[in-house]
Structure formats: C-alpha cells, structure tokens
Amino acid sequence: MWVFEETLQSGEKLTDAINRTNENVKYLPGIKLGKNVIADPDLDNAVEDANMLVFVTPHQFIDNICKSLVGKVRSDAEAISLIKGMEVKIEGPCLISTYISEQLGINCSVLMGANLANEIAEEKFSEATVGYRNNREIAEQWVQLFTTPYFMVTPVQDVEGVELCGTLKNVVAIAAGFVDGLDMGNNTKAAIIRFGLREMREFCKLLFSSVKDDTFFESCGVADVITTCFGGRNRKVAEAFARNGGKRSFDELEAEMLQGQKLQGVTTVREVYEVLRHRGLLELFPLFATVHEICSGCLPPSAIVIYSEKKNIFPV
C-alpha cells in the first residue's frame with residue numbers, strides 16, 4: 001500500500017507507525033489492518049509487478065500520481081478507482097477512471113457506493129457497486145476481491161454512471177449540510193436530496209447519454225446520496241460552514257475538523273459549475289449552481305432554499 005509519507009507529532013514516520021502497529025494511527029486509529037498490508041512510501045516500489053491497482057486518493061493528487069507511474073506499471077495490469085471527482089479540461093470534463101486509463105494505457109473500472117469508511121472498518125454491513133466497461137470477467141474478479149460477509153458488491157456495466165454518481169453525491173451532501181447547519185428540518189433536507197438526485201441524473205445524461213437509469217437505484221446512486229447526506233464529512237463541514245454564517249472558509253474548517261483528510265465536495269462543486277457555465281446550462285441546474293455560489297461566498301448559506309422556487313424546471 002503506497003502511503004504519502006508524513007511525520008507524526010511523535011517524530012515517527014507514518015509508514016513506520018502503520019507497519020509497527022498494523023493500523024493507520026493518523027487516519028483510521030483503533031482499526032487493525034490486514035496482516036498482509038505493508039505501508040510503502042515509495043510509489044514505484046509499491047506498484048512494481050502488480051497486476052491489479054486500486055486507486056484511493058483525494059482526486060486533486062491523481063494527476064501527479066499518474067504522471068509518476070507512466071511506463072512503470074505492467075501493460076496487462078487492471079485498475080479500479082474509488083476516487084470521487086473529475087478533471088475539467090478545455091475540451092470538456094474527464095472522469096478519473098478515463099484519465100487513469102489514458103495516462104497509464106490500462107483498463108480502469110470503478111467502485112462506488114453507500115459505504116462510509118469508518119463503518120466498513122468496523123465491519124458493519126454495507127454494499128457497493130463496481131462499474132465496468134466491457135469485460136464482465138474482470139468485473140467479477142474485482143467483486144471477488146472486495147466481497148466479504150459484511151461488504152456486498154454488485155457489478156454494473158456503466159462506468160460513467162457509477163463514477164458520476166459517486167462524484168456528484170458530494171455536491172448534494174454539501175447542500176444537505178447547509179440545511180442541517182441552518183436547522184431547517186427533515187422535510188427541507190428530504191426535498192434538497194430529491195432535487196439533488198434529479199440534477200445528478202440530468203447532469204449524467206448530459207455528459208454521457210449511455211448512462212443507465214437503473215444505475216441510480218444501485219448502491220452508488222440513491223443509497224450513496226442518502227448515507228453521504230446524513231453521515232459524510234462533506235455534510236459535516238458544510239453544516240459547520242452554515243452555522244458560522246459562511247464567515248469561515250471551507251479550507252479553514254477542513255483543516256480544523258478533518259485532521260489532514262481532504263474534502264472532495266467543494267472541489268467537485270467548482271468542477272461541475274465550470275462544466276455547466278462553459279455549456280451555458282447553469283439555469284437548468286439551480287441547486288448545483290446555488291451550492292457553488294454559497295461555497296464561493298457570493299450567497300449566504302440560507303440561499304439554499306431559494307432553489308425550491310425553481311423546482312419545476314425538470315418534470316417530476
């Protein structure tokens with residue numbers, strides 16, 4: 001397992017601490033890792049001769065990681081991405097799985113779903129979705145590798161739909177956090193979640209007409225939106241942002257509340273906004289647009305309810 005090296009307050013290197021205690025003492029304390037998991041700060045060494053690569057990093061780091069790996073992975077290797085986000089380029093948005101495939105010349109599937117990390121670590125039952133392109137056999141291999149008695153994995157032939165659901169749910173979670181921070185109640189939160197799901201579907205179809213409606217009813221879809229809007233860190237920090245009236249930045253709150261972990265939602269909000277602005281479609285996605293305006297300080301958190309006045313843009 002490649003681990004970005006850090007020095008702990010004790011002076012010990014993070015990788016040394018992981019290998020000594022068999023747990024990630026900074027990011028997942030109290031949870032024992034598998035005995036076969038070895039932390040390695042050398043990226044090249046970690047991937048050497050590997051035929052299956054699992055990408056689980058904050059998406060803002062994937063560009064440098066892939067560039068470092070060019071020419072250093074097996075040509076027959078299979079990759080899977082658990083990363084939420086997208087690369088926004090001049091020619092249009094690029095999904096992380098596509099970016100990995102293009103940079104490294106290997107196939108890349110995705111794993112998304114209603115699975116908060118700390119609950120999986122505690123072996124509480126949850127499920128996930130593997131999105132694959134053409135090779136069902138590879139998808140079944142990933143399912144076999146990830147499945148445990150408390151972690152149920154289902155393959156779906158829809159990489160774009162599965163990955164975008166995993167990405168866009170964080171935008172909805174931020175909106176839900178604003179609702180919580182303003183004590184607007186469960187009815188408002190349920191409405192925001194429904195509006196968000198609708199915009200997620202429309203955005204997915206806008207970018208990829210091949211996205212299947214059934215995908216939204218898998219774990220990566222409505223289930224992931226629900227769990228993230230009630231228990232994820234994007235919701236948690238957005239709640240604090242709203243309680244502070246938007247006067248403390250997300251960067252400040254992230255540093256204070258997440259102990260080194262990264263928010264994905266705020267970056268995704270900006271990426272989604274750029275895609276919609278470039279295509280002149282902001283008015284068709286009022287929730288996504290409003291979340292961006294609040295995150296960037298142009299509107300107060302209370303503006304999240306203004307969206308309800310525009311809810312009839314899409315048919316229910």
Side-chain angles (χ1 to χ4, degrees), residues 27-28 31 54-59 80-86 95-97 109-132 139 142-177 179-180 186 189-201 203-204 211-239 258 261-266 268-269 272 287-288 291:
Y27 297 109
L28 200 62
I31 301 295
V54 183
F55 287 80
V56 201
T57 66
H59 88 270
I80 194 166
S81 171
L82 282 67
I83 301 171
K84 283 78 175 175
M86 66 181 83
L95 297 181
I96 298 298
S97 64
S109 305
V110 296
L111 178 75
M112 306 282 163
N115 33 66
L116 300 177
N118 60 319
E119 294 183 11
I120 298 172
E122 294 168 359
E123 300 189 3
K124 296 177 179 177
F125 179 81
S126 58
E127 57 177 355
T129 310
V130 165
Y132 69 99
W142 287 120
V143 169
Q144 182 179 355
L145 282 170
F146 283 110
T147 296
T148 72
Y150 57 87
F151 193 69
M152 185 173 72
V153 185
T154 304
V156 173
Q157 191 174 5
D158 184 4
V159 168
E160 290 80 11
V162 173
E163 186 168 358
L164 275 173
C165 279
T167 296
L168 297 172
K169 61 87 185 282
N170 284 329
V171 180
V172 185
I174 288 177
V179 170
D180 288 342
N186 291 326
K189 190 171 182 178
I192 290 295
I193 291 173
R194 189 180 75 85
F195 298 156
L197 275 166
R198 188 169 57 196
E199 291 197 11
M200 283 174 57
R201 183 187 65 188
F203 189 88
C204 289
V211 169
K212 301 174 182 177
D213 285 331
D214 287 349
T215 300
F216 295 93
F217 295 97
E218 297 290 344
S219 178
C220 63
V222 62
D224 198 7
V225 173
I226 291 170
T227 195
T228 309
C229 286
F230 282 89
R233 59 179 177 258
N234 289 282
R235 186 219 62 82
K236 177 182 178 182
V237 177
E239 178 183 6
L258 300 185
Q261 290 184 312
K262 295 295 182 182
L263 280 179
Q264 300 296 283
V266 177
T268 303
V269 166
V272 168
L287 180 63
F288 286 177
V291 171

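Only heavy atoms go into these numbers, but all of them, side chains included; no hydrogens, no water, no symmetry mates.
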**Student:** Which atom names give the shortest non-hydrogen contact between Ile192 and Ala175, and what distance separates them?
**Tutor:**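 Distance-wise, the nearest heavy atoms are CG2-CB, 3.6 Å.
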**Student:** Locate the shortest heavy-atom distance separating Ile83 from Phe55; write the atom from each residue and the value.
**Tutor:**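 Minimum heavy-atom contact is CG1-O, 3.7 Å.
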**Student:** Tell me whether the count of non-hydrogen atoms from other residues, nucleotides or ligands lying under 6.0 Å of CZ in Phe125 goes above 12.
**Tutor:**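 Count over threshold, so yes.
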**Student:** Applying the side-chain contact (heavy atoms from CB on, under 4.5 Å) criterion to Leu164, which one of Lys84, Arg201, Met86, Met200 satisfies it?
**Tutor:**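 Testing each of Lys84, Arg201, Met86, Met200 against Leu164, the sole residue satisfying side-chain contact (heavy atoms from CB on, under 4.5 Å) is Met86.
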**Student:** Do Glu163 and Ile96 come close enough that some side-chain heavy atom pair is under 4.5 Å?
**Tutor:**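 Yes. Closest side-chain heavy atoms under 4.5 Å.
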**Student:** Which pairs, with at least one residue in residues 215-224 and sequence neighbours excluded, count as a side chain to side chain donor-acceptor pair (under 3.5 Å)?
**Tutor:**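 Checked against side chain to side chain donor-acceptor pair (under 3.5 Å) - neighbours excluded - the pairs reaching residues 215-224 are Asp158-Thr215, Lys169-Asp224, Asp224-Thr228.
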**Student:** For the residue pair Cys220 and Met112, what are the closest heavy atoms and their distance?
**Tutor:**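 Closest approach of Cys220 to Met112, heavy atoms only: CB-CB, 3.9 Å.
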**Student:** Within the distance-only criterion (no hydrogens, no angle test), does the side chain of Asn234 pair as donor or acceptor with the backbone N or O of Ala173 below 3.5 angstrom?
**Tutor:**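 Flag not set: sc Asn234 to bb Ala173 has no pair under 3.5 Å.
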**Student:** Taking salt bridge (charged side-chain N to carboxylate O under 4.0 Å, His left out) as the test, write out the residues that go with Glu160, two or more places apart.
**Tutor:**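 Glu160: salt bridge (charged side-chain N to carboxylate O under 4.0 Å, His left out) contacts with Arg133.
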**Student:** Grab the two heavy atoms, one from Leu28 and one from Ala121, that are nearest each other, plus how far apart they are.
**Tutor:**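 Between these two residues, the closest heavy atoms are CD2-CB, 3.9 Å.
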**Student:** Of all the heavy-atom pairs spanning Ala114 and Ser126, show the shortest one and how long it is.
**Tutor:**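 Of all heavy-atom pairs spanning Ala114 and Ser126, the closest is O-CB, 3.8 Å.
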**Student:** Can you check whether Leu116 reaches Phe230 side chain to side chain, under 4.5 Å on heavy atoms?
**Tutor:**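 They are not in side-chain contact.
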**Student:** So, for Gly265 and Ile174, which heavy atoms are closest and what is the spacing to 0.1 Å?
**Tutor:**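 Closest approach of Gly265 to Ile174, heavy atoms only: C-CD1, 3.5 Å.
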**Student:** Applying side chain to side chain donor-acceptor pair (under 3.5 Å) as the test, list every pair that has at least one member in residues 109-123; sequence neighbours left out.
**Tutor:**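 For residues 109-123: Glu122-Lys124.
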**Student:** Who are the salt bridge (charged side-chain N to carboxylate O under 4.0 Å, His left out) partners of Lys236, not counting sequence neighbours?
**Tutor:**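 Partners of Lys236 under the salt bridge (charged side-chain N to carboxylate O under 4.0 Å, His left out) test: none.
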**Student:** Under the rule for side chain to side chain contact (heavy atoms under 4.5 Å, CB included), what residues qualify as partners of Val54, not counting sequence neighbours?
**Tutor:**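 If we apply the side chain to side chain contact (heavy atoms under 4.5 Å, CB included) test to Val54, skipping adjacent residues, the hits are Val56, Ile80, Leu82, Trp142, Phe146.
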**Student:** Give a yes or no answer on whether the side chain of Lys212 reaches the backbone of Gln157 with a donor-acceptor pair at less than 3.5 Å.
**Tutor:**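 Here the side-chain-to-backbone pair exists.
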**Student:** Working to the nearest 0.5 Å, report the span between SG of Cys165 and CZ of Phe217.
**Tutor:**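 The CZ atom of Phe217 is 10.5 Å from SG of Cys165, to the nearest 0.5 Å.
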**Student:** With a 4.5 Å cut-off on side-chain heavy atoms, are Val272 and Thr268 touching?
**Tutor:**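 When only atoms from C-beta onward are counted, Val272 and Thr268 do touch, with a gap below 4.5 Å.
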**Student:** Compare all side-chain heavy atoms of Phe216 with those of Val211 and state whether any distance is below 4.5 angstrom.
**Tutor:**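 The answer is yes, as the side chains (C-beta and beyond) meet within the 4.5 Å cut-off.
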**Student:** Apply side-chain hydrogen bond (donor to acceptor under 3.5 Å, both in side chains) to Tyr27 and list each qualifying residue two or more places apart in sequence or on a separate chain.
**Tutor:**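 side-chain hydrogen bond (donor to acceptor under 3.5 Å, both in side chains) check on Tyr27 returns Glu6.
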**Student:** Among residues at least two apart in sequence or on other chains, which ones pass salt bridge (charged side-chain N to carboxylate O under 4.0 Å, His left out) with Asp213?
**Tutor:**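 Salt bridge (charged side-chain N to carboxylate O under 4.0 Å, His left out) list for Asp213, sorted by chain: Lys205.
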**Student:** For Ala190, enumerate each residue passing the side chain to side chain contact (heavy atoms under 4.5 Å, CB included) test, keeping only those at least two apart in sequence or located in another chain.
**Tutor:**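 Applying side chain to side chain contact (heavy atoms under 4.5 Å, CB included) to Ala190 gives none.
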